[in-house]
Amino acid sequence: MTTWHSKIVGVVGVALCALTFSLHAQEVWPQKPIRLLLGFPPGGGSDIVARLIAKPLGDRLGHSVVVDNKPGAGGNIATEMLVRAPADGYTLLLVPSGHASGAAMKKSLPFDPVKDLAWVSTITTYPLAFTVAPQSGIKSYADLIQKAKLEPQKYTYSSVGVGTAMHLVAEWAFGEAGVQITHIPFKGGTGPLTELLAGRVDVMVDTMTLTASLLKDQRVRAIAVTSPPGISPVPGVPAIADQYPSMMFESWLGIAAPANTPQDLIEKINKELRVVLAQEEVKQKLIAFGGSPAASSPQEFKARVEKDIRNLKKVVQDKKIELE
């Protein structure tokens, strides 16, 4: 046998072995519980969604999916744990859209925010909501923009912190309208709502998941959402994109695995997630939580993450927001 022929036989042999291993892994996986990392404490919105998905996904896979809360560093502790974990399908991460705003705001990260993760599927998407106090003199989003143009820098808006998606998306929206509205950042908690209702802040920007119950109880009044054009989860409240088509942003939660996880495992998890998200009980709970069930392909999820990072980085640059 010639040298070149031996090399070809060797390469083919390696490829066949890899394929056999991959097919075998798909056939027998999982053989033990799967850990679903979450970068936030128990009880929050992402934790609720993680546990909502974990039980039926575990039932589908035949082994438990155990939510493992690893809070800290804006979720980056959990992300670091994921990227360092074996790429064998037994460690997953519930990724929030804050992953994209964090990537836009950080001078450096201990991981590549796109390449070091294998993107499985989104779970749910939900817009941000711009709300005012019930008694506010601001009647609509168009009214806010008109008032802000007449009296520059008089009006204020709150977010849950500098560099969060709420902050960057609000700056994006007001930039599209050509107005300056002063940012009042808070560190989460009830501060934004308290100040809004007291009249010391004019507009509150937060996710629909946190705003939905406030709207239901009529504690706040929505004036705009960041949904795609013509789509709004709040009857009678327009999407900003209806007037400013390029201004569209949806928060999301999704599942990722370590980079280099075998593609057949990614596809299997994706397939089972789609079944779970199609279950009526899961769908209704996600809708009640202010979101929409939103399974995607791995490629679609990755493209969404890349687009969000790109858009939010542009906001940071255009508005000269200081990096962290």
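Every heavy atom of this structure was used, including side-chain atoms; hydrogens, water molecules and symmetry mates were not. Not measured: the values here are computed from a predicted model.
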Heavy atoms from other residues, nucleotides or ligands near CZ of R219 exceed 12 (cutoff 6.0 Å) | no

Can you tell me how far the CG atom of L38 sits from the CG atom of L82, to the nearest 0.5 Å?
-> 12.0 Å

Interatomic distance, NZ@K268 vs NZ@K271, rounded to 0.5 Å, equals 8.5 Å

Using 30° and 60° as the class limits, which term best fits the ring planes of Y90 and W29: parallel, tilted or perpendicular?
-> tilted

Please check if the side chain of D206 supplies one atom and the backbone of L128 the other of a donor-acceptor pair under 3.5 Å.
-> no

Within the distance-only criterion (no hydrogens, no angle test), does the side chain of T79 pair as donor or acceptor with the backbone N or O of G75 below 3.5 angstrom?
-> yes

Of all the heavy-atom pairs spanning L94 and L36, show the shortest one and how long it is.
-> N-CD1, 3.6 Å

Under 4.5 Å between any side-chain heavy atoms of I53 and V276, yes or no?
-> yes

Linking I/L/V/M/F/W/Y whenever any side-chain heavy atoms sit under 4.5 Å apart, do I266 and V305 land together?
-> no

Verdict with reasoning, E176 to S246, per side chain to side chain contact (heavy atoms under 4.5 Å, CB included) | CA-CA 8 Å; E176 289 288 321; S246 65; 3.1 Å; yes

Side chain to side chain donor-acceptor pair (under 3.5 Å) between E250 and S227, intermediate numbers included | CA-CA 6 Å; E250 290 182 299; S227 305; 5.3 Å; no

Nearest heavy-atom pair of H167 and I321: which atoms, and what distance?
-> CE1-CD1, 3.9 Å

Cluster check V120, V65: I/L/V/M/F/W/Y, side chain < 4.5 angstrom = yes

With a 4.5 Å heavy-atom cut-off, do I145 and K147 have their side chains touching?
-> no

Under 3.5 Å, side chain of S251 to main-chain N/O of P127, donor-acceptor pair present?
-> no

Would you call E281-K285 a salt bridge at under 4.0 Å N-O?
-> yes

Student check: side-chain heavy atoms of K283 and L277 closer than 4.5 Å = no

Under a single-linkage definition using a 4.5 Å side-chain heavy-atom cutoff for Ile, Leu, Val, Met, Phe, Trp and Tyr, are I255 and V66 assigned to the same hydrophobic cluster?
-> no

Please name the residue in the list V315, V205, L312 that meets the side-chain contact (heavy atoms from CB on, under 4.5 Å) test with V169.
-> L312

Nearest heavy atoms of P293 and I287, plus distance in Å = CD-CG1, 4.0 Å

Side-chain touch V162/P185, heavy atoms, less than 4.5 angstrom | yes

Within 6.0 angstrom of N260 CG, more than 12 heavy atoms from elsewhere | no

Going through the distances and angles, do T261 and D88 end up as a side chain to side chain contact (heavy atoms under 4.5 Å, CB included)?
-> CA-CA 6 Å; T261 298; D88 55 9; over 6 Å; no

More than 12 foreign heavy atoms under 6.0 Å from NZ of K319: is that the case here?
-> yes

Answer yes when K55 and D59 have at least one side-chain N-carboxylate O distance shorter than 4.0 Å, and no when they do not.
-> yes

Decide yes or no on ring pair (Phe, Tyr, Trp, His ring centres under 6.0 Å) for Y155 and F174, but give the supporting numbers first.
-> CA-CA 11 Å; Y155 293 91; F174 297 140; over 10 Å; no

When rounded to the nearest 0.5 Å, the distance separating NZ of K313 from OG of S101 is 12.5 Å

ring-ring contact (aromatic ring centres under 6.0 Å, His included) with H99: which of W252, W119, F301?
-> W119

When clusters are formed by joining ILVMFWY residues with side-chain heavy atoms under 4.5 Å apart, either directly or through shared neighbours, do M248 and W172 land in the same one?
-> no

Check whether any side-chain N or O of D308 sits under 3.5 Å from a backbone N or O of A100 as a donor-acceptor pair, and report yes or no.
-> no

Least distance between heavy atoms, L193 atom then V220 atom = CD1-CG1, 3.7 Å

Atom OG in S158, atom CD1 in I184: separation rounded to 0.5 Å?
-> 8.5 Å

Are M105 and V160 connected, step by step, through hydrophobic side chains (Ile, Leu, Val, Met, Phe, Trp, Tyr) whose heavy atoms are closer than 4.5 Å?
-> yes

Side chain to side chain contact (heavy atoms under 4.5 Å, CB included) between F130 and V225: does it pass, once the steps are laid out?
-> CA-CA 6 Å; F130 288 56; V225 292; over 6 Å; no

Say whether, by atom type as modelled, one donor and one acceptor occur between the side chain of D116 and the main chain of V83 under 3.5 angstrom.
-> no

Got a salt bridge between R304 and E300, using NZ or NE/NH1/NH2 to carboxylate O under 4.0 Å?
-> no

Hey, are the side chains of P298 and N270 touching, using non-hydrogen atoms and a 4.5 Å cut-off?
-> yes

Between CG on residue L37 and CD1 on residue I77, distance to nearest 0.5 Å = 11.5 Å

Neighbour count >12 (heavy atoms, 6.0 Å) for atom CD, Q135 | yes

Report the C-alpha distance between V234 and L215 in whole Å, list the side-chain angles of each, state the deciding distance to 0.1 Å, and finish with yes or no for side chain to side chain contact (heavy atoms under 4.5 Å, CB included).
-> CA-CA 9 Å; V234 187; L215 292 172; 3.9 Å; yes

Look at the aromatic rings of Y141 and Y244 and report parallel, tilted or perpendicular, splitting at 30° and 60°.
-> perpendicular

Non-hydrogen side-chain atoms of L61 and I34 separated by less than 4.5 Å = yes

Nearest heavy-atom pair of V67 and D47: which atoms, and what distance?
-> CG1-OD1, 4.1 Å

What's the shortest heavy-atom distance between A104 and L323, and which atoms?
-> O-CD2, 3.6 Å

Taking the side chain as every heavy atom from C-beta outward, state whether L168 and E171 have any pair of such atoms under 4.5 Å apart.
-> no

Under 3.5 Å, side chain of S159 to main-chain N/O of G161, donor-acceptor pair present?
-> yes

T211 side chain vs T207 backbone, donor-acceptor pair below 3.5 Å | yes

Heavy-atom distance under 4.5 Å between the side chains of Q279 and P56, does that happen here?
-> yes

Within a radius of less than 6.0 Å around CD of Q180, do more than 12 heavy atoms belonging to other residues, nucleotides or ligands occur?
-> no

Using atom types as modelled and distance alone, determine if a side-chain donor or acceptor of T91 lies under 3.5 Å from a backbone N or O of R35.
-> no

Rounded distance [0.5 Å steps], CG in D202 versus CD1 in I223 = 9.5 Å

Any idea how Y157 and H183 line up, ring-wise: parallel (<30°), tilted (30 to 60°), or perpendicular (>60°)?
-> parallel

Flag if over 12 foreign heavy atoms under 6.0 Å of CZ, R84 | no

S136 side chain to V132 main-chain N or O, any donor-acceptor pair under 3.5 Å?
-> no

Hey, is the main chain of I269 close enough, under 3.5 Å, to the side chain of E272 for a donor-acceptor pair?
-> no

